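In this chain, numbering begins with 1 at the start of the sequence shown. Everything numeric in this text was worked out from a predicted model, so none of it was measured.
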Amino acid sequence: QVQLVESGGGWVQAGGSLRLSCAASGRTTIRYTMAWFRQAPGKEREFVSAIHWSGSSTYYADSVKGRFSISRDNAENTVHLQMNSLKVEDTGVYYCAGAAYGAASSRQEDYKSWGQGTQVTVSS
């Protein structure tokens, strides 16, 4: 099992940017497909973005396409989520998730490793 720790959350005004990071430790010799999910207050957790363990493909929810960018640094065992043009509706707790050699899925049940989450607050 791999341990995941998110960082980079915070408060930003609408239109601003934040960069989230997810650091993996533990069984990092295994390659993990990584994803970001988020949960807004009073709402279900939803898929944001994923990157295949090979780094060959990325996926985004329609709501963030063109504004968010996911990347990975396998040498540093880190995944980043660059969030630009942030909107109030992007507010929520952002979770990093991993699936060993998994397909880049938008389904939460496909990910077995989860971080504790980092809060992102976008104000108008």
Side-chain angles (χ1 to χ4, degrees):
Q1 196 80 326
V2 67
Q3 291 75 48
L4 303 175
V5 178
E6 303 95 337
S7 62
W11 175 89
V12 65
Q13 285 191 317
S17 299
L18 282 174
R19 187 185 193 220
L20 304 183
S21 296
C22 174
S25 61
R27 300 189 68 186
T28 54
T29 54
I30 296 175
R31 294 302 184 197
Y32 288 82
T33 286
M34 301 297 293
W36 289 93
F37 291 80
R38 67 186 181 188
Q39 186 167 21
K43 294 188 177 181
E44 297 288 321
R45 190 158 56 183
E46 64 176 4
F47 170 77
V48 175
S49 181
I51 184 166
H52 192 261
W53 61 266
S54 67
S56 61
S57 54
T58 57
Y59 302 90
Y60 299 92
D62 288 342
S63 59
V64 306
K65 279 181 183 176
R67 299 188 298 121
F68 290 12
S69 177
I70 191 171
S71 61
R72 67 188 302 151
D73 182 340
N74 286 338
E76 296 292 330
N77 298 315
T78 303
V79 173
H80 303 287
L81 184 69
Q82 178 66 43
M83 306 186 296
N84 299 325
S85 302
L86 281 161
K87 304 176 180 180
V88 172
E89 51 264 42
D90 293 318
T91 293
V93 178
Y94 282 69
Y95 297 91
C96 175
Y101 294 112
S105 169
S106 62
R107 304 191 315 165
Q108 298 182 51
E109 56 266 38
D110 289 338
Y111 296 89
K112 305 305 180 186
S113 299
W114 290 82
Q116 294 300 305
T118 185
Q119 176 70 45
V120 171
T121 303
V122 185
S123 65
S124 59

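Annotation: the span from Ser71 atom OG to Met34 atom CE amounts to 11.5 Å, rounded to 0.5 Å. For the atom pair Leu86 CG and Phe68 CZ, the distance stands at 5.0 Å (nearest 0.5 Å). For the atom pair CD of Gln13 and OG of Ser124, the computed distance is 8.5 Å after rounding to the nearest 0.5 Å. Within the model, atoms OH of Tyr59 and OG of Ser106 stand 10.5 Å from one another, a figure rounded to the nearest 0.5 Å. Rounded to the nearest 0.5 angstrom, Gln119 CD and Gln39 CD are separated by 10.5 Å. Here the CG-SG distance, from Leu4 to Cys22, works out to 4.5 Å after rounding to the nearest 0.5 Å.
Taking hydrophobic clusters as Ile, Leu, Val, Met, Phe, Trp and Tyr residues chained together by side-chain heavy-atom distances below 4.5 Å, Val2 shares a cluster with Leu81. Cluster membership check: Tyr60 shares its hydrophobic cluster with Tyr94, using side-chain heavy-atom separations under 4.5 Å among Ile, Leu, Val, Met, Phe, Trp and Tyr. In this structure, Leu20 is not a member of the same hydrophobic cluster as Phe47, with clusters built from ILVMFWY side-chain heavy atoms closer than 4.5 Å. Residues Val48 and Val12 are members of one and the same hydrophobic cluster, defined by side-chain heavy-atom contacts under 4.5 angstrom among Ile, Leu, Val, Met, Phe, Trp and Tyr. Val64 and Tyr95 are not part of a single hydrophobic cluster, where members link through side-chain heavy atoms under 4.5 Å apart.
Between the side chain of Thr91 and the main chain of Val122, a donor-acceptor pair closer than 3.5 Å is present. Between the side chain of Ser56 and the backbone N or O of Ser54, no donor-acceptor pair lies under 3.5 Å. Checking side-chain atoms of Glu6 against main-chain N and O of Gln116 turns up a donor-acceptor pair under 3.5 Å. The backbone N or O of His80 lies less than 3.5 Å from no partner atom in the side chain of Ser21, so there is not a single donor-acceptor pair.
Taking the six-membered ring for Trp and the full ring otherwise, the centers of Tyr111 and Phe37 sit less than 6.0 Å from each other.
For the residue pair Tyr101/Arg31, the side-chain donor-acceptor check at 3.5 Å is not satisfied.
Between Trp36 and Cys96 there is a side-chain heavy-atom pair separated by less than 4.5 Å. Asp90 places none of its side-chain heavy atoms less than 4.5 Å from the side chain of Met83.
Residues Ala100 and Tyr32 share a closest heavy-atom pair of N-CD2, 3.4 Å. Heavy atoms only, all atoms of each residue included: Ala50 and Ser105 are closest at CB-O, 4.2 Å.
In this structure, Glu44 places its CD atom where only 12 or fewer heavy-atom neighbours from other residues, nucleotides or ligands lie under 6.0 Å away.
A salt bridge links Lys65 to Asp62: one of the charged nitrogens lies within less than 4.0 Å of a carboxylate oxygen.
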